[in-house]
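This report concerns only the one structure given below.
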Number of protein chains: 2
Amino acid sequence: MAATESQNKAKLTRKEQIESIATALFKQRGFAATSMRDLASAVGIEAASIYAHVRSKEEILQSICFKMANEFFAELAEIESQSITYTQKLRQVITAHIKIITHNIAASTVFQQEWRHLSEPFLTDFLSLREKYEHRIRELIQQGIETGEFISSDTRFVTRTLLSSLNGITQWYKLDGELSPEAIAGNLADLFLNGLNTHKDDRPKYH
Amino acid sequence: MAATESQNKAKLTRKEQIESIATALFKQRGFAATSMRDLASAVGIEAASIYAHVRSKEEILQSICFKMANEFFAELAEIESQSITYTQKLRQVITAHIKIITHNIAASTVFQQEWRHLSEPFLTDFLSLREKYEHRIRELIQQGIETGEFISSDTRFVTRTLLSSLNGITQWYKLDGELSPEAIAGNLADLFLNGLNTHKDDRPKYH
DNA sequence: CCTACCGATCGGTAGG
DNA sequence: CCTACCGATCGGTAGG
């Protein structure tokens, strides 16, 4: 009970503050190039004091990576459970993914670029989660093809391309930019669903 | 003349061999997490001996990043000079970019992910080149819109999305995989030009 | 290309 | 949360 109380009060525990600042630094310089002394100095304490709140440098990375993974899965499960067309599901997946990314730009960047510094068994777990997420989106596209909503395509390729486009948003999204997360989602869904061409006679016979 | 001769002979100079192995290591572990001792050991010499061929660790990174940039620009200039439709130009840009990436997977990955470890003035130069490349592709899409080939869209957004999709290929392309570079290029061009949807009545009114 | 070595910095611990 | 400190490792140089 006392433990629960201490978790509930206050805005940000010191541990959360450390993780938040670490996330920004890992994004800026990369995990390997960020030292615990850099982190401590940014927090305003001594390097050794960090270890009162955190077991190791890698533990911080683990926390960032798996928290982000959980966010993506929570939204995906919600969408999968709905009774709507696959076109609508795809639009919602795009919207949800972009919402998560734009609300956690630094953590998303670390999630995307720094996971390789995880040690085992975290590395294997992480890659397995990523594979599962991709697989479930691929399933969604496959089912859209079977209902006739989407054209027949290489679903593995389409899914990877979609995820690259989604994850690439971390590299250019600006809070003060001209495009809101919702506008980005709308544009991206339009592009993937309808393409750039004004007519559809361009397609060679790959399929 | 003697200098020219020594450049022309042999398969790979020691310097080229060092850069090639460094590229693979930088891709695998990242620039910051790769030590000169790792590199030396992979080459089969002592760490200090590396410095007989290379001025610093960063010089290797500079070489990788700017060589890749030059490759992209050479292909782009070639395509821009042709008299073909913008649809065809876009297809060729996609094909050329993918060709370069798939032929230099490790160097492309380093180019994309490790450039932030460049020091000034290289960092600024590099970002300026990247911006120039994006700008020229954006111009190409803008012109395609003006001729009526492409639908009116946010060209900045479309260009960034295309580049994310192209660069994401380094993350999943396998030499022994099911898709050849040409097939990937065809699929990607089809997706961006025509989209996934079997009909075009899905588009909401964002534009 | 090697041996020998430099000062700096790393992640982390002991003990309070 | 601090002082004091550990052994390991870092990028790089001197001198041959």
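Below, chain A is the first sequence line, B the second, and so on; all start at residue 1.
- We find that CD of B/E59 is positioned 15 Å from P of D/dG11, with the value rounded to whole Å.
- Between the CD1 atom of A/I50 and the P atom of D/dT3 there is a distance of 14 Å, rounded to whole Å.
- With sequence neighbours excluded, no residue forms a side-chain hydrogen bond (donor to acceptor under 3.5 Å, both in side chains) with A/K15.
- Cation-pi check for B/K132 over B/F73 is not met; the charged atom does not lie both under 6.0 angstrom from the ring centroid and within 45 degrees of its normal.
- In this structure, A/E19 pairs ionically with A/K67, as a charged nitrogen and a carboxylate oxygen lie closer than 4.0 Å.
- Between A/R55 and A/A33, the residue whose closest nucleotide on DNA chain C is further toward the 5' end is A/A33.
- For the pair A/I18 CD1 and C/dG12 P, the computed distance is 14 Å after rounding to whole Å.
- Contacts between residues 34-47 of chain A and DNA chain C, counted as heavy-atom distances below 4.0 Å, involve A/T34, A/S35, A/M36, A/R37.
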If a pair means Watson-Crick or G-U wobble with both distances below 3.5 Å, what does DNA chain D look like in dot-bracket form, with | marking bases paired to a different strand? ||||||||||||||||

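- Between the CG atom of B/L61 and the C1' atom of D/dG11 there is a distance of 15 Å, rounded to whole Å.
- Using a cutoff of 4.0 Å between basic side-chain nitrogens and carboxylate oxygens, A/R160 and A/E134 are scored as salt-bridged.
- Of the options B/F72, B/F66, B/Y133, B/F31, a ring-ring contact (aromatic ring centres under 6.0 Å, His included) to B/F111 is made by B/F72 and by none of the others.
- The aromatic ring centres of B/H103 and B/Y173 sit 6.0 Å or more apart.
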Does the pair B/R29 and B/D38 meet the rule for a side chain to side chain contact (heavy atoms under 4.5 Å, CB included), with working shown? CA-CA 10 Å; B/R29 320 183 186 177; B/D38 291 338; 3.0 Å; yes

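- Across the protein-nucleic acid pair, B/Y51 atom OH and D/dG11 atom P stand 6 Å apart, rounded to whole Å.
- Separating the NZ atom of A/K15 from the P atom of D/dC1 is a distance of 14 Å, rounded to the nearest angstrom.
- Here the P atom of nucleotide C/dG11 and the CZ atom of A/F31 are 8 Å apart, to the nearest Å.
- When the C1' atom of D/dG11 is taken as reference, atom NE2 of B/H53 falls 18 Å away, rounded to whole Å.
- Taking 4.0 angstrom as the limit, A/R14 places a side-chain polar atom (N or O) nearer than this to OP1 or OP2 of D/dC1.
- Proximity note for B/S49 (side chain, C-beta onward) versus C/dA14, D/dG12, C/dC2: the nearest is C/dC2.
- Of the candidates A/Q142, A/R91, A/Q143, A/Y86 forms a side-chain hydrogen bond (donor to acceptor under 3.5 Å, both in side chains) with just one, namely A/Q143.
- Annotation: cation-pi pair B/R156/A/W172 absent, no NZ/CZ under 6.0 Å from the ring centroid and within 45° of its normal.
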